[in-house]
Structures are given as structure tokens and as C-alpha cells.
Amino acid sequence: MFIPLRDNSKGPSPLHELEYDLHGVVALAVLPIFAFANAGISLNGVGFDTLLHPVSLGILLGLFIGKQVGVFACCWIAVRLGLARLPLGMDWLSLYGCSLLCGVGFTMSLFIGSLAFENTGVNLLFDERVGIMVGSILSGVVGYLVLRVALKPAVNK
């Protein structure tokens, strides 16, 4: 509100410069820390057995495997039936990388999970949130790695 939008010296806008300078820090640090802090997960006493709990494992596999298989299969079927086509410059590996990123289901997963497990009489919210966190992180990391490989030749052209 107090940073000028225009500069009288015809140079770049101070507001736009600040926005550009802060984008990386906000996107890569502030937002992930904010999201993790608001998830309400205490990592105190978390072990490998927590990941193997049926609720955690089911949500993790649903986000990591279910989302990528569902999105990729629907896109593949649509392209094969002629209902859609791949955008110019996109190949199947980059589409697969994008479908992996669909497993980053943080906000809606927390909302749906809290609705599903809220009135069960058993406290499964912690297990649900661990599954969401690990599934989202795994989807994001593997999706990034696949896209890094898929898009590398396009960068070198």
C-alpha cells in the first residue's frame, strides 16, 4: 500500500521490482512453511510405523498412485479417442510428470479428511494428515524429477 506503483524516472516500478524479488522466497519458503504450520501436525513421536497405519498408507497411495494413474489414464484415453490432443511441444513423459504433480493435494485433502474422520469416534486425523503430507511431498518431488528429465531437451534447444 505504501510502495509506489510508478516511478517518476521512467524506470521500473518499485512495486513490481519488490514483487519480483520476493517471489522466489515466498513460493519456495514462506508458503510451504505456512502450509505445514497450518496443517496441525506435530512430528513428535512420529515413526515409520505411523506411515504404515492403514489410514496413512491409504491416503499416501491414493495421492501418489491414484491421482497420477487417474489423470494420466483419462488424458491418454481422451487423446486416443480423438477427443483431445497433446499441446504443441508436449510429449507423454511431460504429461506424466504433470499427472504426478496432481498428487499434491494439500488443502482439499485436509478438508475432506477432516470431514471424513471427524465423527468416527476414533482419532484418525493425525494419521490422515501424515498420509497427506507424505503423499503430497512424494508426488511433488517425483513430479519435479520427471519433468526435469522430460523438459531438459527443450531447454537445450
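These numbers come from a predicted model, not from an experiment. Reckoned from all heavy atoms, side chains included, excluding hydrogens, waters and symmetry mates.
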- Task: Treat each ILVMFWY residue as a node, draw an edge where side-chain heavy atoms are under 4.5 Å apart, and state whether Val146 and Val149 are in one component.
- Result: yes
- Flag yes if Leu61 and Val134 sit in one hydrophobic cluster, no otherwise; membership is Ile, Leu, Val, Met, Phe, Trp, Tyr, and two members link when side-chain heavy atoms are under 4.5 Å apart. yes
- Taken to the nearest 0.5 Å, the spacing of Gln68 CD from Leu95 CG works out to 11.5 Å
- Message: Working to the nearest 0.5 angstrom, can you tell me the gap between Leu138 CG and Leu100 CG?
- Response: 9.0 Å
- Residues Leu63 and Ser136: closest non-hydrogen pair is CD1-OG, 4.0 Å
- Query: Between CG of Leu60 and CD1 of Ile65, what distance do you get to the nearest 0.5 Å?
  - Reply: 8.5 Å
- Heavy-atom donor-acceptor pair, Ser56 side chain to Leu52 backbone, under 3.5 Å: no
- Note on the structure: One should read off an interatomic distance between Trp92 CH2 and Leu86 CG, to the nearest 0.5 angstrom, of 4.5 Å
- Note on the structure: Note: Gly143 and Leu101 closest approach over all heavy atoms is CA-CD2, 3.9 Å
- Query: Do Met133 and Val104 share a hydrophobic cluster (ILVMFWY, side-chain heavy atoms under 4.5 Å, transitive)?
  - Reply: no
- Between CG of Leu81 and CH2 of Trp76, what distance do you get to the nearest 0.5 Å? 8.5 Å
- Is it true that Leu93 and Ile77 fall in one hydrophobic cluster, defined by side-chain heavy atoms closer than 4.5 Å? yes
- Spatial distance of atom SG (Cys98) from atom CZ (Phe72) [nearest 0.5 Å]: 10.5 Å
- Donor-acceptor under 3.5 Å (Ser94 side chain, Asp91 main chain): yes
- Query: Are the side chain of Ser139 and the backbone of Gly135 linked by a donor-acceptor contact shorter than 3.5 Å?
  - Reply: yes
- Message: I'd like to know if Leu145 and Phe64 are part of one continuous hydrophobic network [Ile/Leu/Val/Met/Phe/Trp/Tyr, side-chain heavy atoms within less than 4.5 Å].
- Response: no
